[in-house]
Protein chains: 2
Amino acid sequence: MATTKRNLADKAHTRDGPRHQAENLSQTRREHATEIAEDYVEAIAYLSASMGEARVVDLARRLGVTHVTVNRTVARLQRDGYVTTQPYRAIFLTERGRKLAEESRERHETVVAFLRSIGVPERVAELDAEGIEHHVSPETLNVFRRILSHPQKI
Amino acid sequence: MATTKRNLADKAHTRDGPRHQAENLSQTRREHATEIAEDYVEAIAYLSASMGEARVVDLARRLGVTHVTVNRTVARLQRDGYVTTQPYRAIFLTERGRKLAEESRERHETVVAFLRSIGVPERVAELDAEGIEHHVSPETLNVFRRILSHPQKI
DNA sequence: TGAATTATGTATCAGAAGCTACATTTATTT
DNA sequence: AAATAAATGTAGCTTCTGATACATAATTCA
Ligand SMILES: [Mn+2]
Ligand SMILES: [Mn+2]
Ligand SMILES: [Mn+2]
Ligand SMILES: [Mn+2]
């Protein structure tokens, strides 16, 4: 009748349910997988708009990585249908890439605006938003939007 | 006097300053590096408290990965001074690990509570918080806390 | 106690994302 | 047009984080 190690495991099962926790973490890992794609297409869209085209060096500067990393990642983005490129040429978004870029930009701006609206200083809001944005679900984003459209001090 | 490609690059430099953007993204990458450590020590602390000890299988179940991944990651956590283990034994937090676990738990709960307080449904709040928590700076966390201590509907 | 089950460990692979060093191509300047 | 500078590409290395397949140790149960 001794309390064995494996008995203990069974109890905890009912207590909290590790299922939920595992699902939450799996979801977070999935979001990480798309995170770089989102930041890249956002940067490509920005550079294309502000200076006519997106070149590897400009991307590297803006993203804070070497041109080698940009090169390989762009190849992956092309493989996944977000961009088109040719050797020694600029990078262009596909329709799919443009769509993701636009969604990402809008969400990014909403997160920054929301943080600002509750009193987070601009620099901090921009810094935190860069990571937070990728983990904000459509539901939560809608809550942010609703609060932003409700101009009342907190 | 033709507008060359490299002329364009110089202009955009002044426009937005890619420095900030690069620094934001670098910070996010740094946060990702500590993210797994945070989730692991949090899970180890939880299992230790709720069932006496943290075993590899329980961690694997809770984290939604295989026991192989847990094994390797725990080895890294040990290398970095967060846990101690011996073959076929449970995993124990070091002082450093306990401290990180406690901070992570507190921050995690604050993020969930904040999202709940602005109207995000519980399930969604828990899901989003799992990713958001790692990118919330101390400043932003304080803003969250202040709003939580201010019991007024938004 | 011995067999069966469960837990843990190890070998090996894969892909993502970073890097440095060096080669090649393109653009600018003289 | 040739020389120089800048951009792009490629080879090869590292770490992290996931996986499967198989081996060994520990625990449970008949
Ligand atoms: Mn962004
Ligand atoms: Mn981002
Ligand atoms: Mn957590
Ligand atoms: Mn987390």
Side-chain angles (χ1 to χ4, degrees), chain A residues 1-10 13 22 25-40 43 47 51-80 82-83 85-91 134, chain B residues 1-10 13 22 25-40 43 47 51 53-80 82-83 85-91 131 134:
Chain A
M1 214 89 324
T3 304
T4 64
K5 287 167 187 177
R6 283 166 195 174
N7 281 349
L8 287 171
D10 293 340
H13 234 269
L25 288 161
S26 296
Q27 173 67 24
T28 300
R29 283 192 291 269
R30 244 168 290 145
E31 287 159 358
H32 282 152
T34 56
E35 174 161 348
I36 287 197
E38 290 170 350
D39 287 335
Y40 268 68
L47 291 172
M51 48 199 294
E53 57 181 18
R55 308 293 309 209
V56 173
V57 266
D58 302 318
L59 271 175
R61 206 177 0 239
R62 189 172 174 82
L63 298 169
V65 294
T66 65
H67 78 276
V68 184
T69 299
V70 169
N71 246 345
R72 200 174 0 71
T73 305
V74 165
R76 209 161 35 237
L77 292 178
Q78 184 163 36
R79 183 200 66 186
D80 296 342
Y82 293 111
V83 304
T85 43
Q86 284 166 303
Y88 295 97
R89 288 284 135 72
I91 298 140
H134 310 282
Chain B
M1 212 94 321
T3 304
T4 63
K5 287 167 184 173
R6 284 169 194 171
N7 281 350
L8 286 170
D10 293 339
H13 232 270
L25 288 161
S26 297
Q27 173 68 22
T28 300
R29 283 192 292 270
R30 244 168 288 140
E31 285 158 1
H32 281 153
T34 56
E35 175 161 347
I36 287 196
E38 291 170 349
D39 286 335
Y40 268 69
L47 291 172
M51 49 198 294
E53 55 180 20
R55 308 292 309 208
V56 172
V57 265
D58 302 318
L59 269 175
R61 203 173 6 237
R62 188 171 175 83
L63 299 170
V65 294
T66 65
H67 78 276
V68 184
T69 299
V70 170
N71 247 345
R72 200 172 0 71
T73 304
V74 165
R76 208 162 35 238
L77 292 178
Q78 186 163 37
R79 182 200 66 186
D80 296 343
Y82 293 111
V83 305
T85 43
Q86 285 167 301
Y88 295 98
R89 288 285 136 73
I91 298 140
H134 309 283

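Naming: A, B, ... by sequence-line order, numbering from 1 per chain.
- With C:dT26, C:dG18, D:dG18 as the choices, the nucleotide that has an atom nearest any side-chain atom of B:I36 turns out to be D:dG18.
- Counting to the nearest Å, the P atom of C:dA17 and the CG atom of A:L63 are 12 Å from each other.
- Within the 4.5 Å cutoff, the side chain of B:V74 has heavy atoms near those of the B:T85 side chain.
- Distance OG1/B:T69 to CD1/B:I36: 9.0 Å, rounded to 0.5 Å.
- For the pair B:L59 CG and D:dT17 P, the computed distance is 15 Å after rounding to whole Å.
- Between the CZ atom of A:R30 and the P atom of D:dG18 there is a distance of 13 Å, given to the nearest Å.
- With distances taken from any side-chain atom of A:Y40 to the nucleotides D:dA19, D:dT8, C:dG18, the minimum falls on C:dG18.
- Remark: C1' of C:dA7 and CG of B:L47 are 15 Å apart, rounded to the nearest angstrom.
- Looking at every heavy atom in both residues, A:S26 comes nearest to B:G64 through OG-O, 4.3 Å.
- Annotation: of the two residues near DNA chain D, A:V56 and B:A33, the 5′-most nearest-nucleotide partner is A:V56.
- Contact between B:L63 and A:L25 at its shortest, heavy atoms only, is CD2-CD1, 3.6 Å.
- Residue-to-nucleotide proximity on DNA chain D shows that, of B:H67 and B:T73, the 5′-proximal contact is made by B:T73.
- Side chain A:R72 to base C:dG18: a donor-acceptor pair is found below 3.5 Å.
- Among C:dC19, D:dC16, D:dA19, the nucleotide with an atom closest to any side-chain atom of B:V65 is D:dA19.
- Of the candidates C:dT20, D:dG9, C:dA11, the closest approach to any side-chain atom of A:T66 belongs to C:dT20.
- In the set D:dA7, C:dT8, D:dA19, D:dA7 carries the atom at the smallest distance from any side-chain atom of A:R55.
- Listed pair B:R29 / C:dA16 fails the phosphate criterion, with no side-chain N or O lying under 4.0 Å from OP1 or OP2.
- Comparing C:dT8, C:dG18, D:dT10 against the side chain of B:N71 picks out C:dT8 as the nearest.
- At the phosphate of C:dA17, neither OP1 nor OP2 sits under 4.0 Å from any side-chain N or O atom of A:T69.
- Under the 3.5 Å distance criterion, the side-chain polar atoms of A:R55 are matched with a main-chain donor or acceptor of A:Y88.
- D:dG18 atom P lies 12 Å from atom NE2 of B:H32, rounded to whole Å.
- Taking atom OH of residue A:Y88 and atom C1' of nucleotide D:dT8, one finds them 5 Å apart after rounding to whole Å.
- To the nearest angstrom, P of D:dT15 lies 11 Å from CZ of B:R76.
- Rounded to whole Å, the distance from CZ on A:R89 to P on D:dA6 is 21 Å.
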